[in-house]
Amino acid sequence: MPYEKELAAAKKAASLAARLCQKVQKALLQSDVHSKSDKSPVTVADYGSQAVVSFVLERELPSEPFSLVAEEDSGDLRKDSGQETLKRITELVNDTLAGEGSHGFSTLTTDDVLRAIDNGKSEGGSSGRHWVLDPIDGTKGFLRGDQYAIALALLHEGKVVLGVLACPNLPLTSIGSNQQHSGNEVGCLFFAKVGEGTYMQTLDGSSQTRVHVSATENPEEASFFESYEAAHSSHDLSSSIAEVKLGVKAPPVRIDSQAKYGALSRGDGAIYLRFPHKGYREKIWDHAAGCIVVTEAGGVAMDAAGNPLDFSKGKFLDVASGIIVTNQKLMPLLLRAVKESLDERASSL
Ligand SMILES: Nc1ncnc2c1ncn2[C@@H]1O[C@H](COP(=O)(O)O)[C@@H](OP(=O)(O)O)[C@H]1O
Ligand SMILES: [Mg+2]
Ligand SMILES: [Mg+2]
Ligand SMILES: [Mg+2]
């Protein structure tokens with residue numbers, strides 16, 4: 001079966017990175033939080049997760065050319081002001097890798113960690129194979145103690161062929177609009193390979209189950225997910241689409257990160273709406289893994305004009321107005337509702 005060893009390596013890398021993130025989230029000290037030039041937050045866990053994933057993928061797949069498109073870079077860590085942080089990241093990475101119990105693991109130096117982080121400089125594109133990584137998607141959620149995800153996908157000739165989504169704070173049982181969940185076990189890892197469906201397992205891989213998107217055909221029974229952060233997606237546009245146009249009764253479920261794609265893939269809700277504010281350009285690492293996890297579970301992800309998401313154009317994912325995700329049955333209704341709302345908005349400007 002194609003991509004078997006790549007999937008195994010990706011699951012191992014994401015699970016180890018999740019362990020590092022859980023450790024940091026538990027003991028998050030203010031000193032672990034920095035803000036990047038674009039003012040978005042980044043933590044030692046974002047960097048540590050990227051270093052772990054990069055190191056593990058290279059180690060597990062030695063015979064393949066290695067290309068990684070990842071969110072973080074080592075720029076700030078190479079400055080004098082970043083030295084303390086770099087030491088802390090290196091310590092975290094070594095603790096995590098040593099904890100894996102891999103035979104003959106020799107500790108990484110700070111230079112090894114910088115190099116592993118900077119492996120992520122690839123621009124991706126439409127030819128060859130590129131790993132796509134968001135080491136922590138939902139850093140704001142991570143900082144709040146809420147949802148976040150380690151999102152890793154493989155692009156081959158411009159198409160996403162596998163995806164792994166580790167969601168350390170997502171309960172194993174559903175988080176529907178009532179936000180109740182019976183079991184209290186927390187931490188899931190979703191994985192999908194093109195043509196082979198989507199599975200959800202516990203973070204330690206002890207049990208796995210095949211998952212499918214919600215089969216809801218009646219929008220009134222559908223519930224919808226959107227970003228927790230109103231800065232990331234227009235909440236009033238999505239509510240006018242969902243509640244006014246589609247008649248969705250349930251209130252929106254607002255959670256951070258691509259955990260939304262994982263929740264959708266197992267039917268926790270039926271719709272995901274994302275309408276970034278003007279001028280924002282989506283990145284492929286924010287959607288590649290989530291997209292295949294949902295589509296291999298029977299869902300459809302498109303931009304608001306009905307075009308499939310195109311991950312082949314480098315690190316940006318240019319979409320018309322926004323991203324909409326649902327099942328095959330609801331997509332035509334949703335597209336129509338989105339178009340009507342956007343047209344009304346445009347004519348009222
Ligand atoms: N103005 C904006 N509009 C849309 N998305 C944004 C944004 N600013 C940041 N983001 C992206 O939204 C991602 C989180 O998604 P969500 O809103 O679903 O939680 C962030 O990922 P990171 O946390 O990896 O930086 C970031 O890339
Ligand atoms: Mg970020
Ligand atoms: Mg992200
Ligand atoms: Mg991120």
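First listed ligand is number 1; within each ligand, the first listed atom is number 1.
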In the protein, which heavy atom is nearest to atom 10 (N) of ligand 1, and how far is it?
Y280 OH, 3.3 Å
Tell me, which protein residue and heavy-atom name are nearest atom 19 (O) of ligand 1, and how many Å apart are they?
S257 N, 2.7 Å
K79 bridged to E84 by N-O distance under 4.0 Å
no
The Mg ion (ligand 4) contact by I136, N, O or S atom under 2.8 Å
yes
I want to check a possible cation-pi pair here: R254 against Y228, using under 6.0 Å from ring centre and within 45° of the ring axis as the test.
no
Cation-aromatic face contact K11/F191, 6.0 Å, 45 degrees:
yes
Touching ligand 1 at all, K260? Heavy atoms, strictly under 4.0 Å?
yes
Decide whether an N or O pair under 3.5 Å exists between I255 and ligand 1.
no
Protein contact to atom 26 (C) of ligand 1 [nearest heavy atom, distance to 0.1 Å]
D286 OD2, 3.7 Å
Within-cut-off N or O pair, R274 and ligand 1, under 3.5 Å
yes
Is a donor from one side chain sitting under 3.5 angstrom from an acceptor on the other, for N169 and Q25?
yes
Any chance the rings of F190 and Y199 have centres within less than 6.0 Å?
no
Does the side chain of S257 pick up a donor-acceptor pair with the side chain of Q147 at under 3.5 Å?
no
Is any side-chain N of the basic residue among E71 and K283 closer than 4.0 Å to the acidic one's carboxylate O?
no
Ranked by distance from atom 25 (O) of ligand 1, the top protein heavy atom is E71 OE2, 3.2 Å
Find, among atoms of E71 that are N, O or S, the one nearest to the Mg ion (ligand 2), and state its name.
OE2
Atom 21 (O) of ligand 1: which protein heavy atom is closest, and how many Å away?
D137 OD1, 3.1 Å
Please could you name the atoms of ligand 1 that S227 approaches to less than 4.0 Å, counting only its heavy atoms?
16 (P), 17 (O), 18 (O)
Between the side chains of Y261 and H287, is a donor N or O closer than 3.5 angstrom to an acceptor N or O?
yes
Pairing donors with acceptors under 3.5 angstrom, does anything connect the side chains of S126 and S312?
no
Return the closest protein heavy atom for atom 22 (P) of ligand 1 as residue, atom name and distance.
G138 N, 3.6 Å
Quick test of your reading of the model: are R115 and D118 salt-bridged, counting only N-O distances below 4.0 Å?
no
Is the closest heavy atom of E229 to ligand 1 under 4.0 Å?
no
Residues R274 and S227: side-chain donor-acceptor under 3.5 angstrom
yes
What about H277: any of its N or O atoms under 3.5 Å from an N or O on ligand 1?
no
To atom 24 (O) of ligand 1, the nearest of I323, T139, D256, I136 on a heavy-atom basis is I136
Below 4.0 Å, non-hydrogen atoms only: which portion of D134 touches ligand 1? Side chain, backbone, both or neither.
side chain
For E282, is at least one N or O under 3.5 Å away from an N or O on ligand 1?
no
Is any N or O atom of A231, backbone or side chain, closer than 3.5 Å to an N or O atom of ligand 1?
yes
Can you name the N/O/S atom of D134 that is nearest the Mg ion (ligand 4)?
OD1
With a 4.0 Å cut-off on heavy atoms, is S40 in contact with ligand 1?
no
Any donor and acceptor pair, going by atom type alone, linking the side chain of S348 with main-chain N or O of R345 inside 3.5 Å?
yes
Residue, atom and distance of the protein heavy atom nearest atom 4 (C) of ligand 1 read H232 O, 3.1 Å
Which residue is it: N119, L154, L155? I am looking for the one with a side-chain contact (heavy atoms from CB on, under 4.5 Å) to W131.
L154
